[in-house]
Amino acid sequence: MLWSIIELGLGLAAWGAGLAAVLLRRRREASQLCGLGSLACCAGSLCAVVLELARYADIGDASAFLDTANAFRLAAGTLLAGTLALNAAALALRPGKNHI
């Protein structure tokens, strides 16, 4: 249960920081920090998913593993796609010619 709350919280933080990066795109340093934080939160959330699935394997709860594996796969893909899209939008919408 705790891992699920951590996954959800970090996933929402990843999208929130990505959205903040889009909104703060004119302030280059703030936008970069928000983008980096967004990617870090996304990585943390995906790591928590792996740790929860590993916990199910460790305790031998095959039914919980099988019941949640497909949902985790869908949620992880959605989280990653959304985070990358928000960060790409923040980068693409940034003013100026130098995007690196």
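On a predicted model such as this, the values are computed, not experimentally measured, just so you know.
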Measuring from Arg73:CZ to Thr78:OG1, what's the distance to the nearest 0.5 Å?
-> 12.0 Å

Within-4.5 Å side-chain heavy-atom neighbours: Val50 and Phe72 | no

Provide the closest heavy-atom pair for Ala21 versus Gly35 in the form atom of the first, atom of the second, distance.
-> CB-N, 3.9 Å

Give a yes or no on whether Arg26 atom CZ has more than 12 heavy-atom contacts from other residues, nucleotides or ligands under 6.0 Å away.
-> no

Say whether, by atom type as modelled, one donor and one acceptor occur between the side chain of Ser31 and the main chain of Arg27 under 3.5 angstrom.
-> no

Nearest atoms (heavy-atom pairs only) where Ala64 meets Thr68 | O-OG1, 2.7 Å

Same cluster or not: are Leu66 and Tyr56 linked, directly or through other Ile, Leu, Val, Met, Phe, Trp or Tyr residues, by side-chain heavy atoms under 4.5 angstrom apart?
-> yes

Leu84 and side-chain contact (heavy atoms from CB on, under 4.5 Å): which partner among Asn87, Leu80, Leu86?
-> Leu80

Checking Ser45 side chain against Cys41 main chain: does a donor-acceptor pair fall under 3.5 Å?
-> no

Give the minimum heavy-atom separation between Arg25 and Val22, together with the two atoms involved.
-> NH1-O, 2.9 Å

Do Leu51 and Leu10 belong together in a cluster built from hydrophobic side chains that touch within less than 4.5 Å?
-> yes

Roughly how far apart are Arg94 CZ and Leu24 CG, rounded to 0.5 Å?
-> 12.5 Å

Please report the shortest heavy-atom distance between Ala14 and Ser38, naming the atom on each side.
-> O-OG, 2.7 Å

Under a single-linkage definition using a 4.5 Å side-chain heavy-atom cutoff for Ile, Leu, Val, Met, Phe, Trp and Tyr, are Leu46 and Leu53 assigned to the same hydrophobic cluster?
-> no

In this structure, CD of Glu7 is separated from SG of Cys47 (nearest 0.5 Å) by 10.0 Å

